[in-house]
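First comes the structure, then the notes that go with it.
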Amino acid sequence: MARDRTRPEDFSRPLRRILVGGLVLLLLGIFLIWRIDSPRVEQFRAALIDRVVPSFEWLMTPMTKVAGMVENFQSYTRIYEQNQELRRELQQMKAWKEAALQLEQKNARLLDLNQVRLDPKLTHVTGVVLADSGSPFRQSVLLNVGARDGIRDGWATMDGIGLVGRISGVGRTTSRVILLSDTNSRIPVTVQPSGQRALLTGDNSPSPPLEFLDKPDLVRPGDRVVTSGDGGVFPADLLVGQVAQGPDRRLRVRLAADYGRLEFLRVLRSHELEPISDPGGLVAQPPAPPADLPVAATAEGADG
């Protein structure tokens, strides 16, 4: 039976053989041209490169673009890593800056404590503020000094500038300070230069009012307020603040102590007070007449 030669594969097979053969001959010719060492062949190769290679620039464009994208991506990666490193360094610098500011504030506070001039008879213990228990009903702070440091109830406490409050409650290693603004605080003060005596009463406000002024007309805003020392509770002449007139037209005291930054407090050791064992002894008895005087002289003195 004769084969049917009208099928497509009968024509494609010889065509593929011819193309493969031609491609092999072309590659073999290119190989020979590139391998032959001859001046003429060299000229031919140069002319062929000048003719063919520039026309294939469009073929290299995608490769060039891809290479540029890869290089840009690597550059972006390096920039991103540098940016992250700079961010970390900036964060560390912020931490160091905050630490430096805190040290600067503490140093300034310590310098203020050392520059305050007090009665040379007074000694003091400097404590660190551990906690602030301020509330709408009670304003106090906690110090890291207590009974082991010789702290006692009622002693005055100061920051680097002015009076802060008094000790009220002493533990072995800690003590509590009632601030001047607390409602339980009552201290006798003197307004200078008028010399008016008054009582500074806390009302949980930043500027406590002055009570029981004899002559309020003699007191002016800006007058200096110091402790009077009455009652022997606080030493005299401790700076409290300045007189100011509040929105309610009452005379108040703008406290000299910076309550917003209480970090170190100086606890003043008050002078030892002589305990009173016999209250009746406070009333002095009239002196008895000397025993060597004659009775007549005593009687004449009585008649006179």
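Any value given below was found using the heavy atoms of this structure, including those in side chains, with hydrogens, waters and symmetry copies removed. Everything quoted here is computed from the prediction, not taken from an experiment.
- Qualifying side-chain hydrogen bond (donor to acceptor under 3.5 Å, both in side chains) partners for Thr190, counting only residues two or more places apart in sequence or in other chains: Arg197.
- Counting only distance, with no hydrogens or angles, the side chain of Ser185 and the backbone of Gly202 share no donor-acceptor pair below 3.5 Å.
- Across all non-hydrogen atoms, the minimal contact from Ala256 to Gly162 is CB-CA, 4.2 Å.
- Partners of Ser228 according to the side-chain hydrogen bond (donor to acceptor under 3.5 Å, both in side chains) rule, which considers only residues two or more places apart in sequence or in another chain, are Asp230.
- Applying the side chain to side chain donor-acceptor pair (under 3.5 Å) test to residues at least two apart or on different chains, none of the pairs has a partner in residues 66-77.
- Separation of atoms CD1 (Ile178) and CD (Gln139) is listed at 9.5 Å; rounding is to 0.5 Å.
- Under a 3.5 Å cut-off, the side chain of Asp182 and the backbone N or O of Ser140 do not form any donor-acceptor pair.
- Side-chain contact check for Asp258 versus Ile161: every heavy-atom pair is 4.5 Å or farther apart.
- Summarising the hydrophobic clusters (Ile, Leu, Val, Met, Phe, Trp, Tyr; side-chain heavy atoms under 4.5 Å, direct or chained), the residues clustered with Ile79 are none.
- Across Arg269 and His124, no two heavy atoms sit closer than the pair NH1-O, 3.6 Å.
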Using the side chain to side chain contact (heavy atoms under 4.5 Å, CB included) rule, take Val129 and Glu263 through it: C-alpha gap first, then chi angles, then the decisive distance, then the call. CA-CA 5 Å; Val129 176; Glu263 298 180 4; 5.7 Å; no
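- Side-chain N or O atoms of Gln192 include none that pairs as donor or acceptor with a backbone N or O of Val226 at under 3.5 Å.
- With sequence neighbours excluded, no residue forms a salt bridge (charged side-chain N to carboxylate O under 4.0 Å, His left out) with Asp237.
- For Arg17, there are no side-chain contact (heavy atoms from CB on, under 4.5 Å) partners at least two apart in sequence or on another chain.
- At least one side-chain heavy atom of Leu238 sits less than 4.5 Å from a side-chain heavy atom of Leu268.
- Taking Ile, Leu, Val, Met, Phe, Trp and Tyr as hydrophobic and joining them when side-chain heavy atoms fall under 4.5 Å apart, one finds Val66 in a cluster with Val70.
- Contacts of Glu211 classified as side-chain hydrogen bond (donor to acceptor under 3.5 Å, both in side chains), with partners at least two apart in sequence or in another chain: Arg250.
- When all heavy atoms are compared, the tightest approach of Ser181 to Ser205 is CB-O, 3.3 Å.
- Between the side chain of Thr157 and the backbone N or O of Gly165, at least one donor-acceptor pair lies under 3.5 Å.
- No donor-acceptor distance shorter than 3.5 angstrom exists from the side chain of Asp203 to the backbone of Pro208, with no hydrogens or angles considered.
- Grouped with Phe212 in one hydrophobic cluster are Leu199, the linkage being side-chain heavy-atom contacts under 4.5 Å among Ile, Leu, Val, Met, Phe, Trp and Tyr residues.
- Between Phe234 and Trp155, the shortest heavy-atom distance links the atoms CE2-C, 4.4 Å.
- Formation of a donor-acceptor pair under 3.5 Å by the Ser175 side chain with backbone atoms of Val145 is found in this model.
- Distance check: Leu130 CG to Leu143 CG gives 7.0 Å after rounding to the nearest 0.5 Å.
- With a 4.5 Å cut-off on side-chain heavy atoms, Leu180 and Tyr259 count as touching.
- Residues satisfying the side-chain hydrogen bond (donor to acceptor under 3.5 Å, both in side chains) test with Asp149, not counting sequence neighbours, are none.
- You'll find the side chain of Ile167 reaches within 4.5 Å of the side chain of Val177, heavy atoms only.
- Atom-to-atom distance recorded for Leu251:CG and Leu210:CG is 6.5 Å, nearest 0.5 angstrom.
- Using modelled atom types, one side-chain atom of Asn144 and one backbone atom of Val128 make a donor-acceptor pair closer than 3.5 Å.
- Between Val243 and Arg220, the closest side-chain pair of non-hydrogen atoms is not below 4.5 Å.
- For the side-chain contact (heavy atoms from CB on, under 4.5 Å) test, residues two or more places apart in sequence or in another chain that qualify with Ser207 are Arg252.
- Note that CD of Gln196 and CG of Asp217 are 9.5 Å apart. Values are rounded to the nearest 0.5 Å.
- Residues satisfying the salt bridge (charged side-chain N to carboxylate O under 4.0 Å, His left out) criterion with Arg88, sequence neighbours excluded, are Glu85.
- Looking at Val219 and Ser194, their side chains come closer than 4.5 Å, going by heavy atoms from C-beta outward.
- Within the 4.5 Å cutoff, the side chain of Leu262 has heavy atoms near those of the Val164 side chain.
- For the atom pair CG (Asn83) and CZ (Arg78), the distance works out to 14.5 Å, reported to the nearest 0.5 Å.
- Between Arg152 and Val170, the closest side-chain pair of non-hydrogen atoms is not below 4.5 Å.
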Could you give me the CA-CA distance, side-chain angles and deciding distance for Leu163 and Leu239, then say whether side chain to side chain contact (heavy atoms under 4.5 Å, CB included) is met? CA-CA 6 Å; Leu163 186 67; Leu239 178 62; over 6 Å; no
